[in-house]
Structure formats: structure tokens, C-alpha cells
Amino acid sequence: QENRISADAGSERLMINYVPFVDGKYDEPITAAASRIEALLYETAEGQTELSALLAIGRIDYEDKDNQFLGSELFYDRESSIIKVKGDETAPCYYNGALVDGVVYNLRTGKVEAKVVGPGSLQINR
């Protein structure tokens, strides 16, 4: 009744594989892994169940065709089409191999905001 899915792998990791369906076509697959996931779902007017928000915690690893994010926490909000990734002492935040202070990824525009905070170079494929 809460329209919530909770999964906790403890010391292991949960794998998430997602293939977006955009404009009637399947897009490039997205893969992610985390130790714990909380997903909020909603029912559309057509009776379909869709993802509203997702929180992934614990050694986050996200990868799509252009981006790789590593960190300790990932939050996705469907309404804004934004993914936010944070890091901490145990799992710092990385974007495409560079240590960053965090990541804000707009799925609609493809724009990624991240400030490099350590040595390295930022590789952007767009």
C-alpha cells in the first residue's frame, strides 16, 4: 500500500539494470549497484506502475553510455529528472574517474554539474 520497494544486501551489493524507453524506443542500458535501495512507485492514469524516486546507499556505482558515478549515496527524482550523487569518507564521490565534491545530473538535458576537488582530469563525453 505504500508503493515502496526496500532492498538491503547487507555487506553484499544489489545490481540494478535499467533500459530507458524514450519516445517509443529503447535507449542505452544503465547499470548501477548499491548496498541498500529504497524505491517509491506510483500508478499512472493508464494503470502502469512507474518509478517516482530512488535512494541508493552504500558504495554506489552508476554507469550509462557517457557517465560513471561512484559514491556513497545516489538520489533520483522522476519529477525533476535529476540524479544527485554524494560521497563520504568511506566512499568518496567520483565522476568519470575524477574526485569531485558531488554530482548533479539532469537526465532531460544531459548536463552534469561536478566540481573537481582532487588531482586528476574530468572526462566528459558530451
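Only a predicted model underlies this, so the values are computations on that prediction, with no experimental measurement involved.
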Would you say [X] and [Y] make side-chain contact, with heavy atoms under 4.5 Å?
X	Y	value
Asp61	Gln68	yes
Leu51	Leu41	yes
Asp27	Lys65	yes
Glu113	Lys111	yes
Arg4	Glu38	yes

_Among Val104, Asn67, Asn96, exactly one meets side chain to side chain contact (heavy atoms under 4.5 Å, CB included) together with Val112. Which residue is that?_
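Of the listed residues Val104, Asn67, Asn96, the side chain to side chain contact (heavy atoms under 4.5 Å, CB included) partner of Val112 is Asn67.
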*Among Leu55, Ile60, Ile16, find the residue that satisfies the side chain to side chain contact (heavy atoms under 4.5 Å, CB included) test when tested with Leu74.*
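Going through Leu55, Ile60, Ile16 one by one, the side chain to side chain contact (heavy atoms under 4.5 Å, CB included) with Leu74 is satisfied by Ile60 alone.
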What is the minimum heavy-atom distance between [X] and [Y], and which atoms define it?
X	Y	answer
Ala114	Asp101	C-OD1, 4.4 Å
Arg59	Ser11	NH1-O, 4.2 Å
Gly10	Ser35	O-CB, 3.9 Å
Gly71	Val85	CA-CG1, 4.3 Å

Taking a hydrophobic cluster as the set of Ile, Leu, Val, Met, Phe, Trp and Tyr residues connected by side-chain heavy atoms closer than 4.5 Å, whether directly or through intermediates, do [X] and [Y] fall within one such cluster?
X	Y	result
Leu107	Phe75	no
Ile57	Leu14	no
Ile37	Tyr42	no
Val103	Ile82	no
Tyr18	Met15	no

*asked:* My understanding is that only residues two or more places apart in sequence, or in another chain, count here; which of them pass ring-ring contact (aromatic ring centres under 6.0 Å, His included) with Phe69?
replied: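 Once residues adjacent in sequence are excluded, the partners of Phe69 under the ring-ring contact (aromatic ring centres under 6.0 Å, His included) criterion are Tyr62, Tyr95, Tyr105.
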Working to the nearest 0.5 angstrom, can you tell me the gap between [X] [atom1] and [Y] [atom2]?
X	Y	atom1	atom2	result
Thr49	Asn3	OG1	CG	7.0 Å
Glu89	Ser72	CD	OG	8.5 Å
Asp64	Ile83	CG	CD1	7.5 Å

_All salt bridge (charged side-chain N to carboxylate O under 4.0 Å, His left out) counterparts of Arg13, not counting sequence neighbours_ =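 Once residues adjacent in sequence are excluded, Arg13 has no partner under the salt bridge (charged side-chain N to carboxylate O under 4.0 Å, His left out) criterion.
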*Not counting sequence neighbours, which residues clear salt bridge (charged side-chain N to carboxylate O under 4.0 Å, His left out) with Glu50? List them please.*
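Counting only residues at least two positions away or on another chain, Glu50 forms a salt bridge (charged side-chain N to carboxylate O under 4.0 Å, His left out) with Arg78.
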*Derivation of the side-chain contact (heavy atoms from CB on, under 4.5 Å) call for Lys115 and Val100*: CA-CA 5 Å; Lys115 181 180 175 187; Val100 295; 5.9 Å; no
